[in-house]
Structures are given as C-alpha cells and as structure tokens.
Amino acid sequence: MHRGTLSLSSIGPFDLQSTVESGQTFRWTREDGRSYEESDAYGGDAWYATVVVGDGPASDERDLDVVRVRQTDDRLEWEASFDAEATLRRRLRLDDDLPAIRDATPSDPLLETAFDRYWGLRLVRDPPFATLIAFICSAQMRVERIHEMQRALEERFGESITFDGEEYYAFPTPERLAEATEAELRDLGLGYRAPYVQRTAEMVAEGTAHPQEATDLAYEDAREYLAQFVGVGEKVADCVLLFSLGFIEAVPLDTWIRSTIEEYYPECDRGSYAETSRAIRERFGGEYAGYTQTYVFHHLRNGGGSSE
DNA sequence: TAGATACCTTATAG
DNA sequence: ACTATAAGGTATC
C-alpha cells in the first residue's frame, strides 16, 4: 500500500467531487457505493477509485494498478498499489493554473456564477479508448445511466484486480470488446449503441485507427479524425478531445450547451456545428474554452438556468 | 450541404 | 396502469 497527501496550497483550487461527478469522466467510482443520481448523497469526503492501466514488463501483459483518492478540506489524500502522485497530477490535471485560466476567460454573469459555484472543478485526462466508448454510449443517455453502462462493460469484459481486499475492474481492452457480439452488448442495456461500440472496438483492435492518433493533429483535424469511428459524430469527438486528449479548447455542443447558446448567446448560433463551435469557443475564452464549457454544463445541469 | 427520421432503453410526467 | 416524452446524438436517406 502506497499513500500520499497533496495540499491545496501547492496545487491551487481543487474540488474533487465536482471534478469527478460533473459528467465529464466515467472512470472514477465512489467507494461508498452511493450512486451519483442520489443528489442528496453528499460525497464531499468520499473516496473515489479508478484502475490504472500501465505497460507491463512483458509487452503482452497488462499491468494493472488501483488508486483511490479523497478530499478533506484543503488536502487530497490517496492510497494506491503504486506511487500514484504523478498519475494523479496527470489524470486530474492538478498542474493546470485555474486562476490564470479564469482570468483569461471573458466575464459575464452566467460564467461568473458557474465558476463561483463549482470553483476548483478541473478537467480530467482519461484514457482515450475508454473515453471514446463511454461517449459513444452517452448518446441520448442520462449521465447516471452512462455510468451504469460503463460499469456493466467493466464487470462483463474487463480484467479484475484485487487491491486492499476489494475487487476492481479495468475497462475492457479493444480486443475484448471487439470480440463481443452485438447481442451481448444489448443485453448490457446499450441499445442501438451496441453495434457502434463493437465496430469501433474492432477498428481499434485491428489497427485501422486509434483515438490516441488524434493527439498530434490540429484541433479541428483531430475532431474529423475521431469522427471516423462508428457512433462518433462531432459532439462525441469533442468530448474525447476535451476529457482525454488535452484539447481544452474543445466545446462539445450538446443539448445543454445548445440551449445555453440559444438563451444567453444567440449571436453565436451559426447553424452548422463547426461554425457555432468556433463562435462559442471565442465567447468562452478561446484556448481554454473547454474549461468554461464544463463549468457551465455542470451548473446548468444542476438547476442553474435562468428559468430556475 | 442542410433537413427529417429512426433508433434501444429507462425514468418520469401526465 | 398506460402513453408520451426526453435523456451530454449518430447514421442514413
């Protein structure tokens, strides 16, 4: 067992619960078993765990680790099967300069309210393949159900690892998901997304393409690259770019953000996804626009609209 | 290129 | 109890 502590005085503003329960990541699960949909289930000091997949000593062997983390006031505590500090810094983007990002963002009442309400929320950097599959599953789905689908995939097709007496599951490999049948995936409740997941996994397993490849491309080219996967359109592609590949200028245009644009920034509606995306990206702070998007999404989804 | 429609499953409103 | 509607959209025509 490895343990460690990070103080907020060294990493700046951070809010673990907002970060992992804001609908941007499906890789962290609450240890107390309470589901995110229980809105009254305050997880202010709950432990959250994830399975980390590294490269094992043998190239055909996956090296699995577990890390869990919780926040108590101004400290971030972690326990893991390995020295997890660098992993946590990367996965939870602890090196982002949040105050500087906010300073670089245009100010208006909606954005100020969202930033104030969830100050400390950070973007995450999740593994590319798992993120790709999760957001394929996200189509016409509530956040809570997306979590359920990911858990079902893990428990059915993922490798398990025991840590501190508990069993954890890694996200399935592309190869394993590619072998799954559409019927098996439908049985897990994926609905019409089942063939999307199977075929995209197959593309990755066979080497046709890999989401990681998008990292080296310019933002809009990267979005087009990801859209070649089955079940991946511009919105899902933006989610993968933002929550996994580090394109923090990406602003996924989902129903929440679209209604926000309609209500608060009607002049940004350009009709097409690409043009509207450029306009709202500029309005949300350009190179850091994805941060603004995530604050606004979380705020609106939790009843922060003007109609409240 | 832009617009309309079908699509699985589940939860909630009426 | 039963039907309509919507939930972080995409593929197809």
Side-chain angles (χ1 to χ4, degrees), chain A residues 18-28 35-39 114 118 121 123-124 126 130-153 156 180-203 209 211 223-244 247 250-263 269-277 280-281 284 289-305 307:
Chain A
S18 295
T19 298
V20 300
E21 293 195 25
S22 54
Q24 58 167 325
T25 174
F26 302 97
R27 300 313 315 143
W28 293 92
S35 61
Y36 300 120
E37 74 238 43
E38 299 173 62
S39 55
Y118 295 111
L121 181 162
L123 287 170
V124 296
D126 277 341
T131 305
L132 182 66
I133 298 299
F135 281 94
I136 286 173
C137 291
S138 78
Q140 297 293 107
M141 276 292 153
R142 293 156 211 269
V143 170
E144 296 74 21
R145 283 215 60 222
I146 304 168
H147 274 282
E148 293 173 12
M149 287 189 277
Q150 304 318 296
R151 187 170 61 238
L153 288 173
R156 176 73 178 75
T181 65
E182 178 181 333
E184 285 179 305
L185 295 174
R186 281 180 183 269
D187 284 343
L188 297 182
L190 299 203
Y192 62 78
R193 304 153 196 81
Y196 298 166
V197 167
Q198 190 278 328
R199 292 173 62 194
T200 285
E202 201 166 56
M203 290 174 71
R223 192 169 63 200
E224 290 314 303
Y225 179 87
L226 292 181
Q228 75 182 287
F229 292 104
V230 185
V232 178
E234 292 169 301
K235 184 273 175 183
V236 168
D238 266 335
C239 288
V240 177
L241 293 176
L242 180 60
F243 305 133
S244 174
F247 287 81
V251 179
L253 298 183
D254 55 58
T255 53
W256 291 94
I257 296 300
R258 282 185 184 278
S259 62
T260 299
I261 292 171
E262 189 179 340
E263 188 170 350
D269 188 358
R270 298 285 199 284
S272 80
Y273 188 100
E275 292 297 325
T276 302
S277 170
I280 195 65
R281 185 158 68 251
F284 276 3
Y291 253 104
T292 310
Q293 183 273 358
T294 303
Y295 273 89
V296 170
F297 173 82
H298 194 40
H299 174 55
L300 270 288
R301 206 169 71 83
N302 286 293
S307 58

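Model, not experiment: these values are computed from the prediction. A note on names: the letters A, B, ... follow the listed sequences, proteins ahead of strands, and every chain is numbered from 1.
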Choose from C/dA11, B/dC8, B/dT10 the nucleotide whose nearest atom is closest to any side-chain atom of A/Arg142. B/dT10
So which nucleotide from C/dG8, C/dA11, B/dC8 ends up closest to the side chain of A/Tyr192? B/dC8
Using a distance-only test with no angle check, is there a side-chain donor-acceptor pair under 3.5 angstrom linking A/Asp126 and A/Ser244? no
Between C1' on B/dT9 and CG on A/Asp187, what's the gap in Å once rounded to a whole number? 13 Å
Examine A/Tyr291 together with A/Phe284 and report whether their ring centres are nearer than 6.0 Å. no
Looking only at the side chain of A/Arg145 (C-beta and beyond, no hydrogens), which of the listed nucleotides B/dC7, C/dG8, B/dT9 gets closest? B/dT9
Could you check if a side-chain atom of A/Leu123 sits within less than 4.5 angstrom of a side-chain atom of A/Gln24, using non-hydrogen atoms only? yes
Classify the angle between the aromatic ring planes of A/Tyr118 and A/His298 as parallel (below 30°), tilted (30 to 60°) or perpendicular (above 60°). tilted
Once you apply a heavy-atom cut-off of 4.0 Å, does A/Ser22 come out as touching a base, just sugar-phosphate, or nothing? base
Within a 6.0 Å radius of atom CD on A/Glu262, are there more than 12 heavy atoms belonging to other residues, nucleotides or ligands? no
Shortest non-hydrogen contact from A/Leu253 toward A/Lys235: O-CG, 3.7 Å
Starting the side chain at C-beta, find the nucleotide from B/dC8, C/dG8, C/dA11 nearest to A/Pro252. C/dG8
Is any side-chain N or O of A/Ser138 closer than 4.0 Å to OP1 or OP2 of C/dA7? no
Quick one: on DNA chain C, does A/Arg193 or A/Tyr273 contact a more 5' nucleotide (nearest heavy atom)? A/Arg193
Under the 3.5 Å Watson-Crick or G-U criterion, the dot-bracket string of DNA chain B, with | for inter-strand pairs: ..|||||.||||||
Nearest-nucleotide wise, let me know which of A/Tyr196 and A/Phe297 is further upstream toward the 5' end of DNA chain C. A/Phe297
Under 6.0 Å between ring centres: does that hold for A/Tyr196 and A/Phe229? no
Which value, in whole Å, describes the distance between the P atoms of nucleotides B/dC8 and C/dC2? 24 Å
Among C/dT10, C/dG8, C/dA7, the one nearest A/Val236 by side-chain distance: C/dT10
